[in-house]
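First the structure, in the form of structure tokens, and then the observations on it.
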Amino acid sequence: MKQFPDNFVWGSATAAHQIEGGWNQGGRGPSIWDAFTHTPGKTNLGQTADVTCDHYNKMEEDVAMMKAMGLKAYRFSFSWSRLLPLGRGAVNEEGVAFYNRLINTLLANDITPWVTLYHWDLPLALQMEKDGLLNPEVADFFARYAEVCFERFGDRVKNWITLNEAWCSAVLGHGIGYFAPGRVSTSEPYIVAHNLLRSHGKIVDVYRRKFQAEQKGEIGITNNCDWREPKTDSAADKAAAQRSMEFFMGWFADPIYLGSYPEVMHQRVGDRMPRFSDADLALVKGSSDFCGLNHYTGMYAAEPKEGEDITIGAPAGNGGMAEDQLVELSEDPTWEKTGMNWNILPWGCRNMLNWINERYEHPPIYITENGYAASDEDDLSVAINDERRIGLVDGYLGACHQAINEDGVDLRGYFLWSLMDNFEWAMGYSMRFGIHHVDFETGKRTPKKSAGWYAGVIERNGLL
Ligand code: GBH
């Protein structure tokens, strides 16, 4: 048996917009994702998350489902516009009551809440009145919202994640327009990333100055990064892979751990790349108690050949900013893939963890998301035999075990994405990530084989 460290955090994860529904219930204000999904042509078949899993009305049932599989920790996000319908100003007490019930129900069942403050669903009013994430002032709105959350919930919530995957807000939301607010630009991603890092810094500053000593919680950021493996061991390909990692993880983690953006980004992005003021940097540097990592997949990276069109093939992987990175991405045709066409590379996960461990000098790491998507699990009889999902998680956890035991990485927890099938953003309901099947007609939840398998891992604190 591959035993994990004592106190290893075994969790599962969701996000408010993907599971709650109740989009205009209980005083909730609209978010940019409501506006985006209600715009024709933006999501698969025009699907929305107005109802999705209806978790807002089925919360107790969902916590019972977690309890039944022995889950130790549950990562979820607050809907900012459920708590502050206009993003600032008045607090919606019905929203506070909902999250109080959720937190209290979790604690009564010995499940530790891990709260993400921002998982992409910016209050629509802040977009329309204030230009959303493009406005430097957004950092003040984030700080005020976070303060309300620490005040209301911090007596019981001890694990805070400020932002989920700022890379996606920047690149997918403001670079290629695939996510809300759907903007297309080659400069805005860098501005948005900058404002999000400043926002993160301000939120953490509020927590540390006003709450942390008394509440004794931890706070950090979650970044996403896919692994980039040098295609050959030529110096040029190794440099290309490293450049690609610096444009992905380094962009968001270097300022926090090293106090500046990667130099290669300044060189290549030029005057589109912002620089931190001394005051901002004082808040950003050292602003994470742990390194949250969402990791799913990877590709080969290589130095592009003369005249090659690097924008073809993997636009999402390169963030639509292929020209800025100048890296050629490719895949090995023998690699197995998930329903999202993401390569299944457990060794990439191990390399990813080691890259963080080395560059940022051994930080505590939590994998705050990892999991398997299927496009063919609508049918319950297929879904409940999800051996491929078990295979992926088993493989990645095996890689985690090696990273901990053979490489000395300080990995402290793992959250499986996702507790149940849900609204997969622009892909709507066409991709299922859950370890529980959800029938979106009836709302019925059914454990898949992976839920039982994961329950065994948690119970044994190890892999067979
Ligand atoms: C996460 O993002 C989100 O936090 C979560 O809400 C979401 O439901 C979950 O993942 C599943 O999608 O096209 O091969 O180049 C995932 C971030 C960024 C990971 C883009 C994969 C592209 C792979 N993703 N990346 S590829």
Side-chain angles (χ1 to χ4, degrees), residues 12-20 33 43-44 49 52-53 75-77 79 114 116-121 161-173 175-176 178-180 189 221-229 244-245 247-249 251-252 292-301 310-322 325 327-332 335-345 348-349 352 366-375 389 392 396 415-435 438:
S12 184
T14 64
H17 188 76
Q18 295 180 271
I19 66 161
E20 279 185 13
W33 267 96
T43 64
N44 173 58
T52 180
C53 306
R75 173 178 177 236
F76 61 98
S77 75
S79 155
W114 283 62
T116 307
L117 290 170
Y118 184 69
H119 200 124
W120 308 347
D121 43 359
I161 293 168
T162 56
L163 311 178
N164 180 70
E165 304 190 349
W167 184 94
C168 289
S169 301
V171 174
L172 306 182
I176 61 174
Y178 178 61
F179 279 5
I221 192 169
T222 274
N223 290 310
N224 61 304
C225 194
D226 307 337
W227 175 245
R228 299 292 177 243
E229 179 73 12
S244 184
M245 291 299 290
F247 263 84
F248 211 151
M249 178 55 85
W251 186 3
F252 296 93
L293 172 67
N294 290 355
H295 178 74
Y296 290 88
T297 183
M299 288 197 194
Y300 281 139
I310 51 170
T311 62
I312 296 176
N318 251 344
M321 298 184 305
Q325 287 182 51
V327 172
E328 178 220 72
L329 298 182
S330 61
E331 310 172 319
D332 186 314
W335 289 343
E336 280 185 62
K337 289 166 177 281
T338 73
M340 300 283 269
N341 268 328
W342 295 351
N343 302 307
I344 302 175
L345 304 176
C349 180
M352 178 78 238
Y366 292 91
I367 292 185
T368 43
E369 284 181 33
N370 171 246
Y372 179 94
S375 56
R389 180 169 291 104
L392 180 146
Y396 277 68
F415 292 78
L416 211 170
W417 184 273
S418 178
L419 176 70
M420 58 186 153
D421 297 334
N422 59 47
F423 180 73
E424 180 53 25
W425 307 107
M427 297 188 109
Y429 301 99
S430 63
M431 287 296 157
R432 291 175 179 269
F433 274 91
I435 55 175
V438 176

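Numbering of ligands and ligand atoms starts at 1, following listing order. FYI, the numbering just counts along the sequence from 1.
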Is there any N or O on [X] that sits under 3.5 Å from an N or O of ligand 1?
X: E424; result: yes
X: T297; result: no
X: H119; result: yes
X: Q18; result: yes

Just go through E165, H17, M299 and tell me whose heavy atom is the nearest to atom 14 (O) of ligand 1.
M299
Hey, would you say the W342 and Y372 ring centroids sit under 6.0 Å apart?
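Ring centres of Y372 and W342 not closer than 6.0 Å.
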Within the 6.0 Å centroid threshold, strictly below: Y296 and W417
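When the ring centroids of Y296 and W417 are compared, they turn out to be at least 6.0 Å apart.
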Taking only residues two or more places apart in sequence or in another chain, which ones pass side chain to side chain donor-acceptor pair (under 3.5 Å) with N422?
Q18, S418
Under the side chain to side chain donor-acceptor pair (under 3.5 Å) test, which residues partner T14, sequence neighbours left out?
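Counting only residues at least two positions away or on another chain, T14 forms a side chain to side chain donor-acceptor pair (under 3.5 Å) with Y74.
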Locate the shortest heavy-atom distance separating P189 from G175; write the atom from each residue and the value.
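Where P189 meets G175 most closely, the heavy atoms are CG-CA, 3.6 Å.
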Which atom pair, heavy atoms only, marks the closest approach of C225 to M245?
SG-CE, 3.8 Å
With rounding to the nearest 0.5 Å, note down the distance linking NZ in K337 to CG in L345.
9.5 Å
Proximal ligand 1 atoms for [X], defined as those under 4.0 Å from one of its heavy atoms:
X: W425; value: 5 (C), 6 (O), 7 (C), 8 (O)
X: F433; value: 11 (C), 12 (O)
X: N164; value: 4 (O)
X: N224; value: 17 (C), 18 (C)

Hey, is [X] touching ligand 1 through its side chain, its backbone, both or neither, going by heavy atoms under 4.0 Å?
X: N422; value: neither
X: M431; value: neither
X: D226; value: side chain

Aromatic rings H17 and W425: how do their planes relate, parallel, tilted or perpendicular, breaks at 30° and 60°?
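Parallel: the ring planes of H17 and W425 meet at under 30°.
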I'd like to know whether ligand 1 has M427 as a neighbour, heavy-atom separation below 4.0 Å.
no
Given N294, which partner from the list N223, N370, T368 fulfils the side chain to side chain donor-acceptor pair (under 3.5 Å) test?
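Only one option passes, and that is T368.
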